[in-house]
Engineer: 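Provided herewith is a single structure, encoded as C-alpha cells, for subsequent inquiry.
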2 protein chains.
Amino acid sequence: MARANVQRQSDRRDEILAAAQRCFVRSGFHKTSMHEICVEAGMSPGNLYRYFPSKEAIIAGIAERDRAEVAQEFAQADLSHGLFPLLEGMAHHHFTERSIEQVKLCTEVMSEARRDPEIARISAAFDADVRKWLVDLFRAAAERGDIAKDADIEGAVDMLIIIADGVWWRRALDPHFKADALIPVFMDITRHMLRSRAAGAGQERTS
Amino acid sequence: MARANVQRQSDRRDEILAAAQRCFVRSGFHKTSMHEICVEAGMSPGNLYRYFPSKEAIIAGIAERDRAEVAQEFAQADLSHGLFPLLEGMAHHHFTERSIEQVKLCTEVMSEARRDPEIARISAAFDADVRKWLVDLFRAAAERGDIAKDADIEGAVDMLIIIADGVWWRRALDPHFKADALIPVFMDITRHMLRSRAAGAGQERTS
DNA sequence: AGATTGAGAGTGAACGTTCGTTCTCATAAA
DNA sequence: TTTATGAGAACGAACGTTCACTCTCAATCT
C-alpha cells in the first residue's frame, strides 16, 4: 500500500483514544500504563507509538476530546422556549444524562490540569468559553425579558459553573449520589440569582 | 540505654508528614517520589521507612491530617450571634482564609479518593461528618428561629457542600480567581434556600 | 570514674520491578 | 520491489523499597 490513508490514520487515532478513555475512566491517568492501553486497543506498543508520540499526547487528546464533547451541548441550546426551560434541560442533562464515565473522566482532566500545563491550558480555555457562552446567553435572555436587565449576570454565571463542577465531583466520588434530586433546588437558586437587584421585593415564583 | 522515645517518634512522623505535604502541594501525589520526600525531610529513605511502611501510608496520613484540620473549623462554630453571621464567617474562612496550599492538597485528596479505597473511606467519612454537622446546625438554627422550620434543610446542605467543593476546585485551578467576590452571592442564595417553603412570598432581604 | 554494652536512630547503596519508549524485523498491499 | 502497517522483544531510566551497616548515647558493669 503506497499512499498514506489519512482517513484510516484518523480512525485509528480515534480508536486508540476510545480505548485509552476506557482505561483512564477505570484506573485514572497515572495508574494506567501504556501496556494497558495497548491491550485495550488490541495493538502493540510499537504500532501505537506510530499514532501518538507519547502518553502525554494521548492524555491531551483525551482532554480535548472530552472538553469538545461537553462544549457541544451548549451549541445545541435553544432559547426560543425561554431561559429557564433551557436551563432546566441543561441541568437535567448535566446532572443525570451525562454518563458517569464522562463525569469521572472530567475529574481526571481537572486534577491533571493542576500538573500538566498543556492540560491546564485546554481546561482554562474551555472554562473561559463556557463562561462567555453563559454570559452571552443570559444577556440575550435579559433582552428577551426572561430575566431582569440589572441582574448580577457575572456573579450568577460564576456560581453556576462552580455548582456544576461541584455536582460532577460528587457524582464521581459518591456512587449513591442522586443529582436529579437537587435540580429543584438548583433551579430555585438560579431563578433567585437572576432576579432584579434593584427592588427589595423582586419577582418571586417566576415559574 | 537508649529507650524508645514514643514522643520523639510521633514528632518525627509529624515532620515527615509536613515535608511530604509540601512536596504533594508542589507536585501532586503521583509526581512526588519518595526520594523527594526524603530530601525535603532531610532524611534517608531507610530511616523514613522506619516511620511509614509505604508511600500510600504517607498519603493516607496526609489525607487524615488534612481532613481533621478542615473539620476542626466546624468544632469552633458559635451559633450565639445567629446562623447567618456564622455562615458568613465560615464562608469567608473557607473561601479566602484557608491557604491555597491546603486547597490544593484537598483537591489531591479528592482525586486520589477515586483510586485508593482507603482514601475514599477517609473522604467519605469526612463528608458524612460535615453533612451531619451542618444539618444539625441548621436544625438548631430553626429552633432558634433564625430560619423557617419547614425549610428544605437537607437540600440546602447538599447544595452548600457542592458549592464549597466547587469553590475550592476553582481556587486550586485558577490563581486569579477571587473567591471573596462570590461571598455576597453565596450568602444571598443561602438565605434564599433556607426560607420557608410554604409561603409563595417568603422573607426577602433577611440581611 | 571509665569501659562495655545494646538498642534505637539513621545511612545510602543496591535491588527488583515497572514504565514509557524504541528498535528490529515480519507481513501484506500496491 | 517498495512502502505503509504492524508485532513484540528489549532498553534504559525511574521508582518504591530493602538491607547491611554505622553512629549515638544512656544504662550497666568493673
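In what follows, chains are A, B, ... by sequence order, proteins preceding strands, each numbered from 1. The analysis underlying the following values was restricted to heavy atoms, covering all of them including side chains, and did not include hydrogens, waters or symmetry mates.
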Engineer: Whole angstroms only, please: what is the CD1-P distance between A:Ile59 and C:dT21?
Structural biologist: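 Taking atom P of C:dT21 as the reference, CD1 of A:Ile59 is at 10 Å.
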
Engineer: Are any of B:Arg50's side-chain N or O atoms less than 4.0 Å away from OP1 or OP2 of C:dG10?
Structural biologist: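 Result: no.
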
Engineer: In this structure, which one of A:Phe126, A:Phe138, A:Phe74 forms a ring pair (Phe, Tyr, Trp, His ring centres under 6.0 Å) with A:Trp133?
Structural biologist: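 Among A:Phe126, A:Phe138, A:Phe74, the one that satisfies the ring pair (Phe, Tyr, Trp, His ring centres under 6.0 Å) with A:Trp133 is A:Phe74.
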
Engineer: Check this for me, if you would: do A:Lys31 and A:Glu36 make a salt bridge, where the nitrogen-to-carboxylate-oxygen distance has to be below 4.0 angstrom?
Structural biologist: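 Looking at A:Glu36 together with A:Lys31, the answer is no, because their closest N to O distance does not fall below 4.0 Å.
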
Engineer: Let me know the distance between CD1 of A:Ile37 and P of C:dG20, rounded to the nearest Å.
Structural biologist: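 Rounded to the whole Å, the gap is 8 Å.
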
Engineer: Using only side-chain N and O atoms of A:Tyr49, determine if any of them is under 4.0 Å from OP1 or OP2 of C:dT21.
Structural biologist: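 For C:dT21, OP1/OP2 do have a side-chain N/O of A:Tyr49 under 4.0 Å.
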
Engineer: Using atom CZ of B:Phe29 as one end and atom C1' of D:dG16 as the other, report the distance to the nearest whole Å.
Structural biologist: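 Nearest whole value for this atom pair: 17 Å.
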
Engineer: Check A:Asp127 with A:Arg131, please: is the shortest side-chain N to carboxylate O separation under 4.0 Å?
Structural biologist: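 Between A:Asp127 and A:Arg131 there is no salt bridge, as every charged N stays at least 4.0 Å from the carboxylate O atoms.
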
Engineer: Identify whether the distance between the nearest side-chain nitrogen and carboxylate oxygen of B:Arg26 and B:Glu101 falls below 4.0 Å.
Structural biologist: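 Judged by the 4.0 Å cut-off on N to carboxylate O distance, B:Arg26 and B:Glu101 do not form a salt bridge.
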
Engineer: Give the rounded distance in Å between these two atoms: NE2 of B:His35 and P of C:dA13.
Structural biologist: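 It works out to 11 Å between those atoms.
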
Engineer: Rounding to an integer number of Å, can you tell me how far A:His30 NE2 sits from D:dC15 C1'?
Structural biologist: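 Taking NE2 of A:His30 and C1' of D:dC15, I get 14 Å after rounding.
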
Engineer: The side chain of B:Ser44 lies closest to which of these nucleotides: C:dT21, C:dG10, C:dA9?
Structural biologist: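 Looking only at side-chain atoms, B:Ser44 lies closest to C:dG10.
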
Engineer: Closest to the B:Asn47 side chain: C:dG10, D:dT18, D:dG6?
Structural biologist: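 Within the option list, the nearest is C:dG10.
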
Engineer: Provide, to the nearest angstrom, the distance between the CD1 atom belonging to A:Ile58 and the P atom belonging to C:dG20.
Structural biologist: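 Atom-to-atom, A:Ile58 to C:dG20, this comes out as 10 Å.
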
Engineer: How close or far is atom P of C:dC19 from atom NZ of B:Lys31, stated in whole angstroms?
Structural biologist: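 For the pair B:Lys31 NZ and C:dC19 P, the rounded distance is 17 Å.
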
Engineer: Out of C:dT21, D:dT18, D:dT5, which has the shortest distance to the side chain of A:Tyr51?
Structural biologist: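 Closest nucleotide among those given: D:dT5.
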
Engineer: Output yes when A:Arg115 and A:Glu112 qualify as a salt bridge under the 4.0 Å nitrogen-oxygen rule, no when they do not.
Structural biologist: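 A salt bridge links A:Arg115 with A:Glu112.
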
Engineer: What is the distance from CE of B:Met34 to C1' of D:dG16, rounded to the nearest Å?
Structural biologist: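 Checked: the CE to C1' distance equals 7 Å.
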
Engineer: Heavy atoms under 4.0 Å, any strand shown: does B:Gln9 hit a base, just sugar-phosphate, or nothing?
Structural biologist: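 Contact class for B:Gln9: sugar-phosphate only.
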
Engineer: For B:Arg12 and for B:Pro45, locate the closest nucleotide of DNA chain C by heavy-atom distance; then report the residue assigned to the nucleotide nearer the 5' terminus.
Structural biologist: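 Taking each residue's closest nucleotide, the earlier one in sequence belongs to B:Arg12.
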
